[in-house]
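Heads up: the structure comes next, in structure tokens.
What you see below is based on every heavy atom in this structure, not just the backbone, and it leaves out hydrogens, waters and symmetry mates.
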Amino acid sequence: MEWLEFKRWSPEVQHALALQAARLGQTAMHAEPPRPSATMLAAHRLCTLLRQYPRTNPWGHPASEC
């Protein structure tokens with residue numbers, strides 16, 4: 001695939017992009033962090049629960065890597 005070559009952006013376009021980036025930055029600063037889903041919380045609880053018990057190997061397979 002050939003690379004498309006563009007001329008330099010006009011000052012108006014550069015200014016508009018700078019304003020848009022500033023607005024996006026302000027929005028990102030004031031946005032609440034995403035809340036973990038119920039599935040993620042359940043997965044973390046299960047992982048914590050499983051780590052509380054010793055590992056067993058009833059079938060005699062080689063131990064898994066940690």
Side-chain angles (χ1 to χ4, degrees):
M1 175 188 276
E2 295 181 15
W3 288 98
L4 298 176
E5 294 188 19
F6 297 97
K7 295 181 180 178
R8 295 181 64 99
W9 288 334
S10 68
E12 295 84 15
V13 171
Q14 288 179 349
H15 181 69
L17 289 173
L19 289 175
Q20 184 178 11
R23 285 193 304 269
L24 287 172
Q26 288 295 322
T27 303
M29 285 177 42
H30 297 297
E32 291 184 20
R35 294 181 180 165
S37 66
T39 305
M40 288 296 294
L41 291 174
H44 284 291
R45 274 191 248 121
L46 178 61
C47 192
T48 303
L49 180 68
L50 290 174
R51 287 186 179 141
Q52 293 175 355
Y53 293 96
R55 295 181 182 179
T56 61
N57 190 357
W59 298 280
H61 293 291
S64 62
E65 296 181 16
C66 296

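Remark: S37 pairs with T39, M40 by the side-chain contact (heavy atoms from CB on, under 4.5 Å) rule, at least two apart or across chains.
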Under 3.5 Å, sequence neighbours excluded: what are the donor-acceptor pairs made by side chains of residues 15-29?
unit_1: Q26; atom_1: OE1; unit_2: H30; atom_2: NE2; d: 3.4
unit_1: T27; atom_1: OG1; unit_2: R23; atom_2: O; d: 2.9

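Side-chain contacts under 4.5 Å among hydrophobic residues (ILVMFWY), followed directly or transitively, place L49 together with Y53. Clustering of Ile, Leu, Val, Met, Phe, Trp and Tyr by side-chain heavy atoms under 4.5 Å joins L50 with L46.
One finds the CZ atom of R51 at 3.5 Å from the SG atom of C47 (value rounded to the nearest 0.5 Å).
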